[in-house]
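The next block holds one structure in the form of structure tokens; read it before the comments.
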Amino acid sequence: MRPSFDSDITHRGLRFVIIGGVTTCIAYFVMMTLLSMGAHYSIAIIGAWPVSVLTGFALNRRITFGITTRQHRSRHLGWYVIGGALQLGLAIAGFGFLTQSLTLNATAAFLVNLVVTTAFSFGFMNLVAFRR
């Protein structure tokens with residue numbers, strides 16, 4: 001019996017969250033390191049981006065979406081990078097708003113911003129980057 005769409009999306013979402021935890025830890029470490037070195041928040045977020053995007057692409061493509069062939073890899077990567085760039089813009093704007101307007105500290109702003117950017121990213125990957 002084939003699993004229902006709800007079951008597929010739930011399992012995919014759980015795998016996405018786990019992989020997101022890995023890439024978030026990487027991004028947080030790089031971002032906080034750059035902030036501690038005196039970098040502006042936008043530079044720190046941009047610095048964390050390439051490592052977490054490439055890690056996320058490799059892990060999500062294979063584990064979350066179960067794509068193991070080389071077929072369409074370039075197209076998937078292109079859309080994934082576009083989605084990542086959109087997510088980066090959202091992250092910078094959100095982090096700026098949360099730290100400057102709402103005066104949250106960097107860690108609290110990172111966590112709040114994470115919810116918004118994660119929801120965007122999961123939707124983009126399902127509907128655009130890894131659409132079947």
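As the structure is a prediction and not an experimental result, all values here were calculated from the model.
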Do Phe120 and Ile82 belong to the same hydrophobic cluster, where Ile, Leu, Val, Met, Phe, Trp and Tyr are linked whenever their side-chain heavy atoms lie under 4.5 Å apart, directly or via other members? yes
Nearest heavy-atom pair of Tyr28 and Thr107: which atoms, and what distance? OH-OG1, 3.1 Å
Would you say Leu98 ends up clustered with Met31 if hydrophobic residues are merged whenever their side chains have heavy atoms under 4.5 Å apart, either directly or through other cluster members? no
Is a side-chain donor or acceptor of Thr55 paired with a backbone partner of Ser52 at a separation under 3.5 angstrom? no
Per the side-chain contact (heavy atoms from CB on, under 4.5 Å) rule, which among Ile9, Leu127, Val17 passes with Phe122? Ile9
Hey, what do you get for CZ (Phe95) to CG (Leu114), rounding to the nearest 0.5 Å? 12.0 Å
Between Thr118 (side chain only) and Val115 (backbone N and O only), is there a donor and an acceptor less than 3.5 Å apart? no
Side chain to side chain, Met32 and Phe110, heavy atoms closer than 4.5 Å: no
Are Leu104 and Ile45 linked, directly or through intermediate hydrophobic residues, by side-chain heavy-atom contacts shorter than 4.5 Å (ILVMFWY only)? no
Spatial distance of atom CD1 (Ile18) from atom CD1 (Ile63) [nearest 0.5 Å]: 9.0 Å
If two hydrophobic side chains count as joined below 4.5 Å and joins carry through other members, does Ile43 share a cluster with Trp49? no
Atom of Ser36, atom of Thr33 and distance for their closest heavy-atom approach: OG-O, 2.7 Å
Between the CG atom in Leu54 and the CG atom in Leu77, the distance rounded to the nearest 0.5 Å is 7.0 Å
Specify the closest pair of heavy atoms between Leu34 and Gly47, including all atoms of both residues, with the distance to one decimal. CD1-CA, 3.8 Å
Return the minimal non-hydrogen interatomic distance between Asn105 and Ala108, and the atom names on each side. OD1-N, 2.8 Å
Is the shortest side-chain heavy-atom distance between Tyr41 and Ile92 below 4.5 Å? yes
Whether Asn113 side chain and Ala109 backbone form a donor-acceptor pair below 3.5 Å: no
Donor-acceptor pair, Ser121 side chain versus Thr117 backbone, under 3.5 Å? no
Which value, rounded to the nearest 0.5 Å, describes the distance between His40 atom NE2 and Ile46 atom CD1? 10.0 Å
Quick one: are Phe124 and Gln87 in side-chain contact, heavy atoms under 4.5 Å? no
Beyond-backbone contact of Leu90 with Val116, side-chain heavy atoms, under 4.5 angstrom: yes
Between Trp79 and Phe130, is any pair of side-chain heavy atoms under 4.5 Å apart? no
To the nearest 0.5 Å, how far apart are OG1 in Thr69 and CZ in Arg61? 5.5 Å
Can you give me the closest heavy-atom contact between Thr64 and Arg15, atom names plus distance? O-NH2, 3.0 Å
Which distance, rounded to the nearest 0.5 Å, do you find between the CZ of Phe57 and the CZ of Arg62? 12.5 Å
Nearest heavy-atom pair of Leu59 and Ile19: which atoms, and what distance? O-CD1, 3.5 Å
